[in-house]
There are 2 protein chains.
Amino acid sequence: MQDALRQFKADFFQALAHPTRIAIVEQLRNGELSAGALIERLGIEQANASQHLAVLRAKNILINRKAGNQVFYSVRDPLIIEVLDIMRRYFHAHMSEVLATLKAIDKAEKIHR
Amino acid sequence: MQDALRQFKADFFQALAHPTRIAIVEQLRNGELSAGALIERLGIEQANASQHLAVLRAKNILINRKAGNQVFYSVRDPLIIEVLDIMRRYFHAHMSEVLATLKAIDKAEKIHR
DNA sequence: AACTAATATTCGAAAATACGAATATAGCAT
DNA sequence: ATGCTATATTCGTATTTTCGAATATTAGTT
């Protein structure tokens, strides 16, 4: 029973464990957007976007509303935004490490060019 | 640059995207525990525990302290506990769905026996 | 009915993750 | 040095995730 609850939580985290999916949720912070608008803003493949949206839907992080031709997505529960806000504080608190990571990536990119 | 930051966030969620790792962090809610104590409480393989601890260490979610023979783990930043608390509220808010999931699992288990 | 636009699903291949078994390392006691 | 306990790492394999290409679906338009 406890196990199933943890699995449920793990699934939630899993849903957010991808940069594109985080970007999607961040875009929806201030309200709904159509799938097309998300694709345009994120500059990703249509199929890929649809797959990630499917993941977020399956884990009940997003809800969608059909309007004629298009589908509008929004974050289901404001608590999710709250989680991301806390994360923001978390990253702020550990900014030095984030910067170290960024510098390492930057360095690696320079080498590979 | 924004991408790298999102990757960083995604890594954090990825680190928590496993029931065993959530269980580990929950066990450490009230302070440090040795690896052995964690293994005993969670009833998992030693190697497996060590692998999960390595993941949590790599993502800077846990810190460890060596004391003679053993290694004590603790949650690095209380903000992480705060995130889990918010999650608790989140799951409480959506308890009906959690229960539906649990029932479905229970049903599946009955069929498979 | 045929056509177009918006979105979703399927497929196959590549990469990442998870597990237990086996092995390695490190500290302490004899 | 040998042995013992606690923890970490490596290895092989099975499963899961991710992506783009191709295809399907659904709604609106002519």
Side-chain angles (χ1 to χ4, degrees), chain A residues 3-4 6-25 27-28 32-74 105 108 112, chain B residues 3-4 6-25 27-28 32-74 105 108 112:
Chain A
D3 289 357
R6 287 205 186 102
Q7 181 62 58
F8 197 84
K9 293 182 187 179
D11 283 347
F12 177 90
F13 285 119
Q14 174 69 33
L16 291 175
H18 194 285
T20 300
R21 294 197 290 268
I22 289 184
I24 289 173
V25 175
Q27 288 290 335
L28 297 176
E32 67 174 16
L33 284 175
S34 71
L38 284 168
I39 289 165
E40 190 183 355
R41 292 183 187 211
L42 301 181
I44 56 181
E45 289 287 324
Q46 184 269 324
N48 195 9
S50 220
Q51 288 163 359
H52 284 303
L53 287 170
V55 171
L56 291 167
R57 244 188 299 126
K59 302 295 166 53
N60 287 309
I61 289 175
L62 301 185
I63 54 179
N64 58 339
R65 174 178 76 82
K66 272 189 186 164
N69 217 3
Q70 40 197 54
V71 180
F72 288 88
Y73 281 89
S74 55
I105 291 169
H112 292 149
Chain B
D3 289 356
R6 286 203 187 106
Q7 181 63 58
F8 198 84
K9 293 182 187 180
D11 282 347
F12 177 90
F13 285 118
Q14 174 69 31
L16 291 176
H18 193 286
T20 299
R21 295 198 289 270
I22 290 182
I24 289 173
V25 175
Q27 288 290 335
L28 297 176
E32 68 175 15
L33 284 176
S34 70
L38 284 168
I39 290 165
E40 190 184 355
R41 292 183 187 212
L42 301 181
I44 57 180
E45 288 287 323
Q46 184 271 323
N48 196 8
S50 220
Q51 287 162 0
H52 284 305
L53 287 170
V55 171
L56 291 168
R57 244 186 300 127
K59 302 295 167 51
N60 287 309
I61 289 175
L62 300 185
I63 56 178
N64 58 339
R65 173 178 77 81
K66 271 187 186 165
N69 218 2
Q70 42 198 60
V71 180
F72 289 87
Y73 282 90
S74 56
I105 291 169
H112 292 151

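Chain letters run A, B, ... following the sequence lines, proteins first and then strands; every chain starts at 1. All values reported here derive from a predicted model rather than from experimental measurement.
- Residues forming a side chain to side chain donor-acceptor pair (under 3.5 Å) with His52(A) (at least two apart in sequence, or on another chain): Arg21(A), Asn48(A).
- Rounding to the nearest 0.5 Å gives a distance of 6.5 Å between CG of Leu38(B) and CD of Gln27(B).
- Under the 4.5 Å side-chain criterion, counting only non-hydrogen atoms from C-beta, Leu53(B) is not in contact with Asn64(B).
- With sequence neighbours excluded, the residues forming a side chain to side chain donor-acceptor pair (under 3.5 Å) with Glu32(B) are Arg65(B), listed by chain and number.
- Scanning both residues, Phe72(A) and Ala67(A), for their nearest heavy atoms gives CE1-CB, 3.8 Å.
- Going from atom NE2 of His52(B) over to atom P of dA16(C) covers 19 Å, rounded to whole Å.
- In this structure, Ala58(B) has no side chain to side chain contact (heavy atoms under 4.5 Å, CB included) partners at least two apart in sequence or on a different chain.
- For DNA chain D, the outermost nucleotides in 5' to 3' order that have an atom under 4.0 Å from a heavy atom of chain B are dT5(D) to dT10(D).
- Within residues 33-48 of chain A, the residues approached by DNA chain D to less than 4.0 Å at the level of any non-hydrogen atom are Glu45(A), Ala47(A), Asn48(A), in residue-number order.
- When the ring pair (Phe, Tyr, Trp, His ring centres under 6.0 Å) test is applied to Tyr73(A), no partner is found at least two apart in sequence or on another chain.
- Residue pairs that meet the salt bridge (Lys or Arg N to Asp or Glu O under 4.0 Å) test with at least one member in residues 35-57 of chain B, sequence neighbours left out, do not exist here.
- Among residues two or more places apart in sequence or in another chain, the salt bridge (Lys or Arg N to Asp or Glu O under 4.0 Å) test is passed with Lys59(B) by none.
- Between dA8(C) and Tyr73(A), a contact under 4.0 Å exists linking OP1 or OP2 to a side-chain N or O.
- Nucleotide dA8(C) holds its P atom 14 Å from the CZ atom of Arg65(A), rounded to whole Å.
- The side chain to side chain donor-acceptor pair (under 3.5 Å) pairs that include a residue from residues 8-20 of chain A are Gln7(A)-Asp11(A), Lys9(A)-Glu26(B), where partners are two or more places apart or lie in different chains.
- When rounded to the nearest whole Å, the span between CD of Gln70(A) and C1' of dA5(C) equals 10 Å.
- Rounding to whole angstrom units, CD of residue Gln7(B) and P of dA15(C) are separated by 16 Å.
- Across residues 13-23 of chain A, not one residue has a non-hydrogen atom less than 4.0 Å from an atom of DNA chain C.
- Between the OG atom of Ser74(B) and the CG atom of Leu28(B) there is a distance of 7.0 Å, given to the nearest 0.5 Å.
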Output one line per pair: protein atom, nucleotide atom from nucleotides 25-30 of chain C, and distance, for all N/O pairs under 3.5 Å.
none

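- Taking the side chain to side chain donor-acceptor pair (under 3.5 Å) definition, one finds that Asn69(A) meets it with nothing, sequence neighbours left out.
- Taking every heavy atom of both residues into account, Ala49(A) and Ile39(A) meet most closely at CB-CG1, 3.5 Å.
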